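Everything below concerns the one structure shown next.
Source: prediction; values computed, not measured.
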Amino acid sequence: MPCRTPPPLRFLGSVEWVPMAAVAALLAFAGACEREDAVGDAVFTPDVIGTAALPPSESDEVSLLADGRVACVVDSYETRVRCLDAEGAVAGVFGRKGEGPGEFDTPAYLARGEEGTVGVHDLGLGRFTVFEPKGAYLSDVLAPVGRFEPLRSFGAVLSGVEADIMVMLGVETSGSLMTRYDVNVATGEVVREEASPAGPWDVPCGEVTFGIPDRAEGWVFVACEGHMVFVGDTGEVAVLRAPTYVAELPDERDVARREEMLMALNRANGFPASTDVDERLEEYRAAPKRYFLGTRHQLVDAAGRYWIATQRDTHEWSYLDVYEDAEYVGSAKVRDRLRGFDLLGSTLVVLVERQVGAGDSGGIPDRGLDWYDIGDLAGVRNPG
C-alpha cells in the first residue's frame, strides 16, 4: 500500500499553526510508511460471498450465527434486533421497547449461541436474553455486574468481562484492569469470577486500557500508540507495537461520527445533546487516532488467533490485523468503512458504512453487511 500524504497544516491569518499532536503525527509518517511497506506482503483481500443492506442505527454490534449464513444486528432506533442472511433476506426481526420477556430497554451487545441462537445483552435492564433467529423468546438471565460485556459466543455458560471503572475514566491504577465472569445461562449462578493479570507492563507510552481473555488462561490488552500486551496462560508477557500502526489524524468523516456519538451519549445521560461537544471535538481533531477501532472490535478465534479492527485508512478499505502466538500474521483488507465484525470458522462478517454517494442516501452513508471467505488466511504469514 503506498504511503499517504501527511495531514495538511492549518493556517490562522498569515501565521502557520500546527497543533503539537499534528507535529507528532507528521514526524511519525516516515516510520509509518516504512512499517506499511514492511507488512505489505501480509495483506490479503478475502472474497465477498454475500451482502445485505441495513437500516440506520447507532449500534455497530453484529453477531454471526452458528450456521455462518445469518448475522444479527441491533436496530437502535426501533429498539429491536434484525437478522439477515448472506443473500440479503430478512431471517427475523424481534424485540420492542419494554421490560417484559423478550423486550428491551437498551440492547447493547450480541453473542452467538452454540445451538444457532442469538443472545442480546440489555444494559438498561441488566439482562441477557436468548432468542431463536426468527425471534422466538427462549430464556433470560440477569447479568452478574452492571458493566458486563459478554464475549462473542456462549453455550451452557456465558462468559464476559467488566472493566475497572477507574480505567474507564482514564485514571491510572496498579490493580487489575478487568474481571472475567462466567455465568450459568440456565440458573444465573456465577461459576467463575477472576481478575485479569495486573501488570505493570513495559509499555513506553504507559496507558493500557482494555483486555479480553483468550481461549486458554491468557489475556490480550490494547494500549496507547499501537501497543498491545499478550499475557500467556503461564504468565509470560509479550509487549509489541503493531507493525501496521500509523499515527493518522481524524478526518472530517471521523469527526462527524464522533459528534454523533457524543450527542447520543449526552441524550442518554439526560443532558442537552450539544453539552461540551465543541470542546471535545477540538481535542479529538488534534490527537492522532488510536490503533484499534474500539474495545468491542477484537476477538480470539477458534484457532487461538487474535483479530483486531484497526483505524488505519477506513475510507474505501478497512483492515483487520491478525496475531498468532503474540506475532503479527497479516491483515484482512475489506471494502468500505468497517464499523463492526464477527468471525466463525472460515466466514467473516463485517458491518460497514458504504462510501457517501454510493447510493441515494442524501449524504448519509448507507450501512450494510458483507460476508467474506477467509479460508486463505492459513497461507498468510508475516514476511519478516
Would you check, one step at a time, whether the test ring-ring contact (aromatic ring centres under 6.0 Å, His included) holds for W201 with F221? CA-CA 10 Å; W201 299 294; F221 296 94; 4.9 Å; yes
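- The two residues G226 and Y291 make their nearest non-hydrogen contact at CA-CB, 3.4 Å.
- Checked by atom type, the side-chain pair S57/D75 shows no donor-acceptor distance below 3.5 Å.
- If you check the side chains of T310 and D321, you find no donor sitting under 3.5 Å from an acceptor.
- Centroid-to-centroid, the aromatic rings of H121 and F148 come within less than 6.0 Å.
- For D336 and R367, the salt-bridge test fails: no basic side-chain N is under 4.0 Å from an acidic carboxylate O.
- For the pair S346 (side chain) and I374 (backbone), a donor-acceptor distance under 3.5 Å is absent.
- Taking both residues in full, the closest heavy atoms of L249 and A286 are given as CD2-O, 3.8 Å, listed atom of the first, atom of the second, then distance.
- Heavy-atom minimum distance, A242 versus Y323: CB-OH, 3.3 Å.
- Side chains of H315 and D251: a donor on one and an acceptor on the other come within 3.5 Å.
- Closest non-hydrogen pair, A309 versus L338, comes out as CB-CD2, 3.6 Å.
- The salt bridge (charged side-chain N to carboxylate O under 4.0 Å, His left out) check on R267 picks up E58, with sequence neighbours excluded.
- Under the 3.5 Å distance criterion, with hydrogens and angles disregarded, a donor-acceptor pair is assigned to the side chains of Q298 and Y306.
- Exactly one of V161, V191, V190 qualifies for a side chain to side chain contact (heavy atoms under 4.5 Å, CB included) with Y181. That residue is V190.
- Remark: side-chain polar atoms of K289 are paired, donor with acceptor, to backbone N or O of Q311 under 3.5 angstrom.
- Listed here is the closest heavy atom pair of A216 and D233: CB-OD2, 3.8 Å.
- Residue Y328 is tested with L240, V322, T244 for a side chain to side chain contact (heavy atoms under 4.5 Å, CB included); the sole match is T244.
- For R280 and E283, the salt-bridge test fails: no basic side-chain N is under 4.0 Å from an acidic carboxylate O.
- Distance CZ/F94 to OG1/T129: 9.5 Å, rounded to 0.5 Å.
- Other residues, nucleotides and ligands contribute only 12 or fewer heavy atoms inside 6.0 Å of the CD atom of E316.
- At least one test fails for R127 against the ring of Y137: distance under 6.0 Å to the centre or angle within 45° of the axis.
- Between the S318 side chain and the V334 main chain, no donor and acceptor come within less than 3.5 Å of each other.
- Side-chain contact annotation: T275 with N266, donor-acceptor N/O pair under 3.5 Å absent.
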I'd like a table of donor-acceptor pairs (distance under 3.5 Å, sequence neighbours excluded) in which one partner is a side-chain atom from residues 103-110, with atom names and distances.
from	atom 1	to	atom 2	distance (Å)
E103	OE1	E99	N	3.1
E103	OE1	G100	N	2.7
E103	OE2	R96	NE	2.8
E103	OE2	R96	NH2	3.2
Y109	OH	E149	OE2	3.2

